[in-house]
Amino acid sequence: MKATEKKLVVGLEVGTSKVLALVGEVLPDGIVNIIGVGHCPSKGVDKGGVNDLESVVKSIQRAVDQAELMADCQISSVYLSLSGKHIRCQNEIGMVPIADEEVTAEDVDNVVHTAKSVRILDEHRILHVIAQEYSIDLQEGIKNPVGLSGVRMKAKVHLITCHNDMARNIVKAVERCGLKVDQLIFSGLASSYAVLTDDEKELGVCVIDIGGGTMDVTVYTDGALRHSVVIPYAGNVVTSDIAYAFGAPPMDAENIKIRYGCAVGSLVGKDEVIDVPSVGGRPSRSLQRQTLTDVIEPRYSELLALVQKELLVLQEELKKQNIKYQLAAGIVLTGGASQIKGMVECAEKVFKNQVRIGQPLNISGLTDYVQKPYCSTTIGLLHYGKQDLLNDDAKDSNKSSLKGIAKRLTGWFKKEF
């Protein structure tokens with residue numbers, strides 16, 4: 001099967017605890033049909049950053065090989081996710097005169113360009129420029145200004161930046177496997193593409209992707225992305241608490257957390273007993289499941305409280321800018337570490353808002369494998385790639401296909417590599 005006959009996109013997430021590669025076919029109705037899955041434990045990544053290049057390369061190679069085998073195709077390029085506490089965001093404004101009384105697509109490009117021509121942190125580069133809304137003369141809150149009349153247009157945009165070297169290292173690992181990176185995407189943004197509906201974005205919603213090493217947080221209000229942040233603590237701190245508390249090896253602590261863990265004490269029976277392996281060949285011990293919950297619950301509450309603190313700061317900032325801030329659609333939790341029992345109840349206590357666990361939407365094919373919170377980021381990468389493909393098709397029908405290809409080699413690589 002040639003990749004060119006079908007519209008294939010590949011998403012690759014190199015996380016702290018797992019590497020996941022997914023091959024998706026973009027169907028005519030815009031659904032992504034998953035035809036290949038490659039999954040392998042991650043080695044050499046900590047809190048989203050590469051700390052052992054060789055190990056990361058091996059993990060990527062294994063996941064990609066599996067996905068190729070299952071999809072029966074050869075993977076040459078991937079959409080790659082990026083996380084880490086170096087990710088920053090800022091909201092900016094750009095303004096341009098409207099050239100011909102009526103807004104053209106070129107005017108929109110220009111106004112977004114002026115909005116992103118701002119100072120960003122040293123050593124950082126722009127990863128995403130996402131338009132929030134436009135205003136023309138006195139009319140505000142315009143979603144799509146093309147074709148409207150006016151003299152001057154203003155754009156509000158959300159910029160997500162990342163540290164050059166952090167990004168370069170993860171790209172290097174992928175390139176060492178003989179793959180090209182189509183685009184680097186902030187993993188929190190990707191997750192939000194996978195699990196949110198448009199209604200939720202309009203009403204106001206916060207997505208928290210809880211992984212092994214990081215929590216990626218994105219906040220939408222009035223249909224636009226307002227805030228992105230990475231908190232460098234996540235599921236692994238819970239696992240290490242269990243390992244310390246019960247003297248269990250880290251791998252076993254992880255298994256205990258997944259099998260018996262619960263984030264709310266009241267959901268666990270008083271008399272339930274679990275078997276806990278010991279280190280150094282000592283015999284395993286029996287423990288009350290309640291004791292395990294006593295370790296897990298405060299730690300998860302503490303992790304979520306870090307996000308709540310971030311949301312309160314954001315609320316103040318948006319108030320000052322007269323932007324409506326209300327998370328009427330509540331909180332959506334996703335990512336591997338959100339799958340623990342009692343997570344929704346624990347989060348509802350912290351946020352005093354409605355909470356749901358986010359599963360990837362708008363996919364078909366191998367859904368048994370991938371309709372799980374830990375696949376959200378990678379599914380989101382496929383949705384991102386799908387948009388790119390559709391945009392290219394639209395452009396290709398207008399221009400010669402050569403220009404379309406030049407567009408695919410995004411600004412990212414022009415500047416960097």
Side-chain angles (χ1 to χ4, degrees), residues 17 188 191-192 194-197 199-201 203-220 229 231 233-246 253-274 276 287-312 314-315 325-361 371-377:
S17 52
S191 301
S192 72
V195 302
L196 287 187
T197 65
D199 290 346
E200 286 176 314
K201 291 180 190 174
L203 286 167
V205 68
C206 168
V207 182
I208 310 169
D209 184 335
I210 314 175
T214 60
M215 290 192 290
D216 299 332
V217 182
T218 45
V219 179
Y220 289 81
V229 67
I231 296 172
Y233 304 101
N236 283 358
V237 294
V238 183
T239 304
S240 64
D241 276 4
I242 295 168
Y244 276 109
F246 302 126
E254 178 68 20
N255 292 334
I256 293 165
K257 178 178 84 173
I258 293 165
R259 280 184 64 183
Y260 305 113
C262 182
V264 174
S266 55
L267 297 176
V268 170
K270 289 275 175 277
D271 311 320
E272 288 185 61
V273 173
I274 59 170
V276 177
L287 275 176
Q288 281 196 312
R289 190 174 169 199
Q290 188 69 52
T291 324
L292 176 65
T293 307
D294 291 346
V295 172
I296 293 174
E297 184 173 3
R299 184 56 96 178
Y300 263 116
S301 302
E302 193 183 355
L303 286 172
L304 296 173
L306 292 174
V307 180
Q308 174 66 343
K309 203 166 131 192
E310 189 75 35
L311 293 181
L312 292 172
L314 173 67
Q315 188 173 359
Y325 175 88
Q326 216 188 342
L327 301 182
I331 310 284
V332 177
L333 300 176
T334 193
S338 70
Q339 298 173 130
I340 194 167
K341 192 179 174 209
M343 197 62 197
V344 167
E345 292 84 347
C346 177
E348 283 178 343
K349 267 191 212 165
V350 174
F351 296 109
K352 300 183 176 38
N353 201 334
Q354 56 177 337
V355 176
R356 73 174 177 89
I357 301 291
Q359 313 264 14
L361 308 165
Q371 208 129 34
K372 309 242 171 27
Y374 73 84
C375 295
S376 295
T377 297

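Hydrogens, waters and symmetry mates play no part in the numbers below; they use all other heavy atoms, side chains included.
- The CD1 atom of I357 sits 7.5 Å away from the CD1 atom of I210 when rounded to the nearest 0.5 Å.
- Between L292 atom CG and L287 atom CG the span is 8.5 Å, to the nearest 0.5 Å.
- Of all non-hydrogen atoms in K349 and K352, the two that sit nearest each other are O-NZ, 3.3 Å.
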With a cut-off of 3.5 Å and sequence neighbours excluded, list every side-chain donor-acceptor pair involving residues 264-272.
unit_1: E272; atom_1: OE1; unit_2: R289; atom_2: NH1; d: 2.8
unit_1: E272; atom_1: OE2; unit_2: G269; atom_2: N; d: 2.9

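- Between F351 and L311 there is a side-chain heavy-atom pair separated by less than 4.5 Å.
- The shortest side-chain heavy-atom distance between Y300 and V350 does not fall under the 4.5 Å cut-off.
- From T291, atom OG1 reaches atom CD1 of I242 across 12.0 Å, with rounding to the nearest 0.5 Å.
- Enclosure of atom OH in Y325 by more than 12 non-hydrogen atoms of other residues, nucleotides or ligands within 6.0 angstrom is indicated.
- Side chains of S191 and D216: no donor on one and acceptor on the other come within 3.5 Å.
- In this structure, the side chains of V219 and L327 come closer than 4.5 Å at one or more pairs of heavy atoms.
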Going through the checks in order, is the side chain to side chain contact (heavy atoms under 4.5 Å, CB included) test met by V217 and C206?
CA-CA 7 Å; V217 182; C206 168; 3.7 Å; yes
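- In this structure the side chain of M343 reaches within 4.5 angstrom of the side chain of L304, judged on heavy atoms.
- Distance check: L303 CG to Q308 CD gives 14.0 Å after rounding to the nearest 0.5 Å.
- At a threshold of 4.5 Å between non-hydrogen side-chain atoms, the residues E310 and M215 do not count as touching.
- For the atom pair CD of Q290 and CD of E297, the computed distance is 8.5 Å after rounding to the nearest 0.5 Å.
- In terms of heavy atoms, G235 sits closest to A337 at CA-CB, 3.9 Å.
- With T334 as the partner, the side-chain contact (heavy atoms from CB on, under 4.5 Å) test is satisfied by one option alone out of S192, C375, P373: P373.
- A 4.5 Å side-chain heavy-atom check between I331 and V307 finds every atom pair outside the cut-off.
- Here L333 contributes atom CG and S376 contributes atom OG; the two are 11.0 Å apart, rounded to the nearest 0.5 Å.
- Pairing each heavy atom of C346 with each of S301, the nearest pair is SG-OG, 3.7 Å.
- No side-chain heavy atom of E200 sits under 4.5 Å from any side-chain heavy atom of Y220.
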Could you walk me through whether T377 and D209 pass the side chain to side chain donor-acceptor pair (under 3.5 Å) test, one step at a time?
CA-CA 8 Å; T377 297; D209 184 335; 2.8 Å; yes
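- For T239, the side-chain contact (heavy atoms from CB on, under 4.5 Å) partners at least two apart in sequence or on another chain are A253, E254, K257.
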